[in-house]
Amino acid sequence: MSKIVLIDGHSILNRAFYGLPDLTNAEGLHTNAIYGFLNIMFKILEEEKPDYLTVAFDVHAPTFRHEMFADYKGTRKPMADELRQQVPVMKDVLHAMGVRTVEKEGLEADDILGTISCRCEKEGMEVVVISGDRDLLQLATEHVKIRIPKTKKGGTEVEDYYASDVKERYLVTPKEFIDVKALMGDASDNIPGVPNIGEKTATKIIAEYGSIENAYEHASELKPPRAAKNIVEYWEQAKLSKELAAINIDAPVDYNLAEAELTDLYTEAAYEYFQRLQFKNLLSRFDVQAKSNSVEDAFRIITDKEEARRIVDKAKTAETAGLVLYKNLKNVLPLFASGAGFGGIGIAFGKEDIYCIPAGEGIEESWLLEQAREIANNVARFVMFDLKSALPYIPIRPEREEHCFDATVAAYLLNPLKNDYTFEDVAREQLNLMIDPKADTEAKVCYEAYTAYAASEPLWEKLTETQMDRLFKQIEMPLVFTLFDMEQNGVMIESEALRFYGNQLGSKIVELEKEIYEMAGEEFNINSPKQLGVVLFEHMQLPNGKKTKTGYSTAADVLDKLAPDYPVVSKILEYRQLTKLKSTYADGLAAYIGEDGRIHGKFNQTITATGRISSTEPNLQNIPIRMELGRLIRKVFIPEDGYVFVDADYSQIELRVLAHCSGDKELIQAYREAKDIHRITASQVFHTPFDEVTDLQRRNAKAVNFGIVYGISSFGLSQDLSITRKEASQYIERYFETYPGIKEFLDDTVAHAKEMGYVVTLFGRRRPVPELKSSNFMQRSFGERVAMNSPIQGTAADIMKMAMIRVDKELKNRKMKSRLVLQVHDELLIEAWKEELPQVEELLRECMEQAAELDVPLIIDMHTGENWYEAK
DNA sequence: TTAAGCTCC
DNA sequence: AATCTGGAGCTTAAT
């Protein structure tokens, strides 16, 4: 017996839309409803294995009851824009998959579904109807199953209804379901029903009498007298309601079953669509092997040393070579980290020259690595993904650095918003090459090498088109080597002192724990916000316990307000501080100390949206400084014997960048003369002579200065300064009056971003801002703040990168022993050989202050010390 | 895996 | 009518 699945298109889209978090693709297109729809559809198809499939849509986008308001009468919301824009795309996607869709002017999807369902059942088919709308239950029979998906946590659950299930659950048959609705009405469908009859009464009446007609004839017997009276009084209305409630099962629908036959959904067109929508999980459903990847024919696995020798010799003279180092073949890419388990190389230097060369019996690891080094240092263009991680094995001579091309970094510049930059993605995006996720490791190695080889050109073209070619060549690529040096250098830790610090924290924590249990009158996990909230706001009855959806907020700003009145709260805050210090810093850092007594953290170049560098394993960019107790941690960061720390940080680099980019005369002038920019700002904003500015005025001016850089709102500023929103907006207004160039610049930047879809730094780095297209006020506002902040933060990052490169290069050129060890966004830490100290100081100041020439001076503060605490 | 909390610039 | 300062990473608890 053949089977058909019918889907209520808008209903399922709507379910998916409200059941999933907002997703957007790179174009700023919202995709969550489509994604959810497809997941539900695939799940159903796998379960049902039907022969036919059809999706029905309403011609005019219907309104929907928002789930939250489903119980309220008459609260239909118009379809959200984010959902509306997904509807035509959804239809396109279905068509790309060869799925039949039906819609007809004047018909609701219900009627289409009812009609097709009825026709198919008559043909002796099994019918499965998918909808989120319970009205469809009236269509259920022995052969028509209604399936209602529920988006729950951890996947979708589906409620199934044959006729008997409807009866069991609602006490009436599917046909009677229409009569129930006729009596109770449905405000959202404009079905009036009969007054004073709700769901309970309606169900009871229909369960007993089977139809409104029969109930009408026995009106005098009806239970609640009011119902009896009204059913007579409103009989015409009841009949009309029944007509409205009934789904038409004989509508004039042009429908040919043959067109609905379920064929292979995973077409090339669908693949391209999924790719564009960035449905990565769904892409894996496609049987990529079926597609002819002609490059695959060129893949060769080389085990013979003579052949390997011929290949690498040829590679050395190649124009462009893509290389990959891989672990043992059992291990999955990406690259090995620690050196153990080197498996071999992948190399590509032409469309017909793509090789995987495993290290093995005839081909020694050391020989192979040596060949890789020679290739890297001889080809005109050497391309890898994540070059920095290969540099320990393949050192690049300084004069050869400019011949290197890191495809990961290039892909990052082209779209810094992505989470990762895999070779599979780059192959897909740049080469239109689809890689089978199930391919064996050798094939993947070949693919990666080939992608590196072949993608460098389109990547470079795109960098040129977007005018980021200079940024790439002059800043990002050289930075790869600087960051590598910094990682290799690492920073020395006095591990004894660190352990002592941790132990001290440990004892203090135990003490505090006892005191808190004592004061609370019970023992609980203080680290659990959930438990803590219950103890504080329920058991101990502390005031103001309202906040957040998952319980009480126990965030520091909430507890701060309570601390003066409740000593236990102060203890808890102290406990939090100490446990944070111990777990993240004392114990956390200790775990990363290497055999050389140093921490070699990672500095990541392809993470942030703005162009900053990030630091992981461990994060060395968030070592405490604000609180004294935390700041002490910095005493364990020490230079090696014979060395001293030199720490230099830019003074207000972001504000200076803003002054330059905006060209604001006042602010530029202020910086050219400046001793104290916040005081000058206060003086100008508050119309107070410079020398008479109060501390409060200065503090406020400083907060406004920061707020401006972050993309200010009056609310944020008012929070920050504990003033009213009105006062805050007055501050901002006066600030903009004082510095009209800044207002103009920020407005222009947002306008440009809205038009172009991205913002740019002074050095050409781009950041897309898809949020600006959102119809959601909050999202759009976020986009505006991002548009204001990113060019400033990004330009500062660009400048720091240029400075680092110069510092690193200069130290190496002069063959100095001093070395760069840390970067913290606007700060560099150098481990300086004591004899070189004066040179280092001069060089640092020169490189940093002259890194870029702006209309305002770039100034650094510099200190030396025997540890990081002293040097900062 | 996510949320809440905390650390930094 | 609503909104409610930008960029990161790590640890813990709870799912």
Side-chain angles (χ1 to χ4, degrees), chain A residues 21 153-154 416-417 524-533 547-559 572-573 575-589 591-592 601-604 607-627 629-631 633-634 649-650 652-654 658 703-721 725 728-729 732 759 767 769 774-794 796-797 800 822-827 872:
Chain A
K153 267 195 176 171
L417 300 185
F524 61 101
N525 189 343
I526 310 168
N527 279 319
S528 160
K530 198 173 161 184
Q531 294 182 38
L532 179 61
K547 275 216 171 177
T548 75
K549 50 221 153 198
T550 52
Y552 303 99
S553 167
T554 65
D557 55 340
V558 175
L559 298 191
I572 288 163
L573 284 168
Y575 174 89
R576 279 232 181 110
Q577 191 194 1
L578 298 196
T579 49
K580 175 81 181 177
L581 288 173
K582 178 155 166 58
S583 64
T584 304
Y585 299 106
D587 300 347
L589 289 177
Y592 285 100
K602 284 186 176 165
F603 289 95
N604 313 296
I607 301 288
T608 72
T610 54
R612 276 190 179 178
I613 285 161
S614 96
S615 161
T616 52
E617 300 174 61
N619 183 352
L620 295 169
Q621 291 179 324
N622 72 345
I623 305 301
I625 189 163
R626 265 186 54 222
M627 304 297 243
L629 185 63
R631 190 175 195 154
I633 288 262
R634 292 178 176 234
D649 68 291
Y650 280 112
Q652 296 153 349
I653 186 167
E654 289 180 343
L658 177 62
V704 179
N705 273 333
F706 273 99
I708 293 291
V709 170
Y710 291 155
I712 197 151
S713 81
S714 55
F715 182 89
L717 186 65
S718 68
Q719 286 281 352
D720 219 38
L721 293 176
R725 274 184 59 178
S729 54
I732 296 168
V759 288
R767 170 181 182 169
V769 194
S774 171
S775 62
N776 177 309
F777 176 87
M778 196 169 75
Q779 290 259 321
R780 209 170 49 245
S781 303
F782 174 75
E784 288 168 2
R785 293 192 293 272
V786 161
M788 291 188 262
N789 168 264
S790 293
I792 302 171
Q793 187 181 121
M800 176 51 108
L822 293 180
Q823 187 255 38
V824 193
H825 310 305
D826 67 349
E827 169 191 2
K872 176 77 182 162

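Chain letters run A, B, ... following the sequence lines, proteins first, then strands; residues in each count from 1. FYI, side chains are in, hydrogens and waters are out, and symmetry mates aren't considered; it's all heavy atoms of this structure.
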Heteroatom pairs (N/O) under 3.5 angstrom, protein to nucleotides 2-4 of chain C:
none

Margin query: From the set C/dT5, C/dA8, B/dA4, return the single nucleotide nearest to any side-chain atom of A/Thr608.
Written below: C/dA8
Notebook entry, point to check: In chain order, what residues pass the side chain to side chain contact (heavy atoms under 4.5 Å, CB included) check against A/Pro624, with sequence neighbours excluded?
Noted result: A/Leu581, A/Tyr585
Checklist line | A/Phe603 CZ - B/dC8 P separation (whole Å) | finding: 17 Å
Note to self: Looking only at the side chain of A/Val786 (C-beta and beyond, no hydrogens), which of the listed nucleotides B/dC8, B/dA4, C/dG6 gets closest?
What the structure shows: C/dG6
Check: How far, in whole Å, is C/dC4 from B/dA4 if one measures between their P atoms?
Finding: 15 Å
Next item on the list: Answer with base, sugar-phosphate or nothing: what part of the nucleic acid does A/Phe782 contact at a heavy-atom distance below 4.0 Å?
Entry: sugar-phosphate
Next item on the list: Return the nearest nucleotide to the side chain of A/Ser528; candidates are C/dA14, B/dC9, C/dA8.
Entry: C/dA14
Check: Contact class for A/Ser790 (heavy atom, under 4.0 Å): base, sugar-phosphate, or nothing?
Finding: nothing
Margin query: For A/Asn525, is there any backbone N or O sitting under 3.5 Å from a side-chain donor or acceptor partner on A/Gln531?
Written below: yes
Notebook entry, point to check: A/Tyr552 has an atom OH; how far is it from atom P of B/dA3, in whole Å?
Noted result: 21 Å
Note to self: In this structure, how many angstroms lie between the C1' atom of C/dC10 and the CD1 atom of A/Ile633, rounded?
What the structure shows: 14 Å
Note to self: Please tell me if A/Lys530 has a side-chain N or O lying less than 4.0 Å from either OP1 or OP2 of C/dT15.
What the structure shows: yes
Check: At under 4.0 Å between heavy atoms, what does A/Ile623 touch on the DNA or RNA strands: base, sugar-phosphate, or nothing?
Finding: sugar-phosphate
Note to self: Categorize A/Glu827 for me: base, sugar-phosphate, or nothing, with a 4.0 angstrom heavy-atom threshold over every strand shown.
What the structure shows: nothing
Next item on the list: State which of B/dG5, C/dG7, B/dC9 makes the closest approach to the side chain of A/Val824.
Entry: B/dC9
Item checked: 5' priority, DNA chain C, between A/Arg767 and A/Thr579 [closest heavy atom] -> A/Arg767
Next item on the list: For the pair A/Ser615 (side chain) and A/Leu620 (backbone), establish whether a donor and an acceptor sit closer than 3.5 Å, ignoring hydrogens and angles.
Entry: yes
Checklist line | Set of side chain to side chain donor-acceptor pair (under 3.5 Å) partners for A/Arg785, sequence neighbours left out | finding: none
Notebook entry, point to check: Is there a donor on the side chain of A/Gln793 or the base of C/dG7 sitting less than 3.5 Å from an acceptor on the other?
Noted result: no
Item checked: Phosphate OP1/OP2 of C/dA8: any A/Asn619 side-chain N/O under 4.0 Å -> no
Checklist line | Full working for side-chain contact (heavy atoms from CB on, under 4.5 Å) between A/Leu822 and A/Phe603 | finding: CA-CA 9 Å; A/Leu822 293 180; A/Phe603 289 95; 3.9 Å; yes
Item checked: Residues that A/Asp826 engages under side chain to side chain contact (heavy atoms under 4.5 Å, CB included), provided they are two or more places apart -> A/Asp649, A/Tyr650, A/Ile653
Next item on the list: Identify whether any heavy atom of A/Glu617 sits under 4.0 Å from a base atom; if not, whether one sits that close to sugar-phosphate; answer base, sugar-phosphate or nothing.
Entry: sugar-phosphate
Item checked: Residues that A/Val709 engages under side chain to side chain contact (heavy atoms under 4.5 Å, CB included), provided they are two or more places apart -> A/Glu654, A/Leu655, A/Asn789, A/Ile792
Note to self: Taking only side-chain N and O atoms of A/Gln577, does any of them lie within less than 4.0 angstrom of OP1 or OP2 on B/dG5?
What the structure shows: no
Margin query: As a test of understanding, state which of A/Gln793, A/Gln621, A/Gln823, A/Met800 forms a side chain to side chain contact (heavy atoms under 4.5 Å, CB included) with A/Arg612.
Written below: A/Gln793
Check: In whole angstrom, what separates A/Lys602's NZ from C/dC10's P?
Finding: 10 Å
Margin query: Test of understanding: with side chain to side chain donor-acceptor pair (under 3.5 Å), list the residues that count as partners of A/Thr616, not counting sequence neighbours.
Written below: A/Asn604
Next item on the list: Could you check whether A/Ser615 gets within reach of a base, just the sugar-phosphate, or nothing at all, counting any heavy atom under 4.0 Å?
Entry: sugar-phosphate
Note to self: Between the base of B/dC8 and the side chain of A/Arg626, is one N or O donor paired with an acceptor at under 3.5 angstrom?
What the structure shows: no
Note to self: If the condition is side chain to side chain donor-acceptor pair (under 3.5 Å), which residues does A/Gln577 pass it with, not counting sequence neighbours?
What the structure shows: none
Next item on the list: Could I get the full list of side chain to side chain contact (heavy atoms under 4.5 Å, CB included) partners for A/Ile625, not counting sequence neighbours?
Entry: A/Arg631, A/Arg634, A/Lys872
Check: Counting only non-hydrogen atoms, which of residues 580-588 of chain A are less than 4.0 Å from DNA chain B?
Finding: A/Lys580, A/Tyr585
Margin query: For a quick check, tell me whether the side chain of A/Asn527 and the base of C/dT12 share a donor-acceptor pair closer than 3.5 Å.
Written below: no
Item checked: Atom pair distance, as rounded to whole Å: CG in A/Asn525 and P in C/dA14 -> 6 Å
Next item on the list: Round to the nearest Å and state the distance from A/Arg631 atom CZ to B/dC6 atom P.
Entry: 21 Å
Margin query: Nearest whole Å is fine: how far is C/dT11 C1' from A/Leu578 CG?
Written below: 15 Å
Notebook entry, point to check: Heavy-atom count around A/Phe524 CZ within 6.0 Å, excluding the residue itself: above 12?
Noted result: yes
Next item on the list: Name the closest nucleotide to the A/Ser614 side chain, picking from C/dA8, C/dT5, C/dG7.
Entry: C/dA8
Item checked: Between C/dG7 (C1') and A/Asn604 (CG): distance, integer Å -> 14 Å
Notebook entry, point to check: Looking for any heavy atom pair under 4.0 Å, which part of the strands does A/Ile792 touch: base, sugar-phosphate only, or nothing?
Noted result: nothing
Check: For A/Ala609, which contact category applies under a 4.0 Å heavy-atom criterion: base, sugar-phosphate, or nothing?
Finding: sugar-phosphate
Notebook entry, point to check: With a non-hydrogen cut-off below 4.0 angstrom, is A/Ala556 in contact with a base, only sugar-phosphate, or nothing?
Noted result: sugar-phosphate
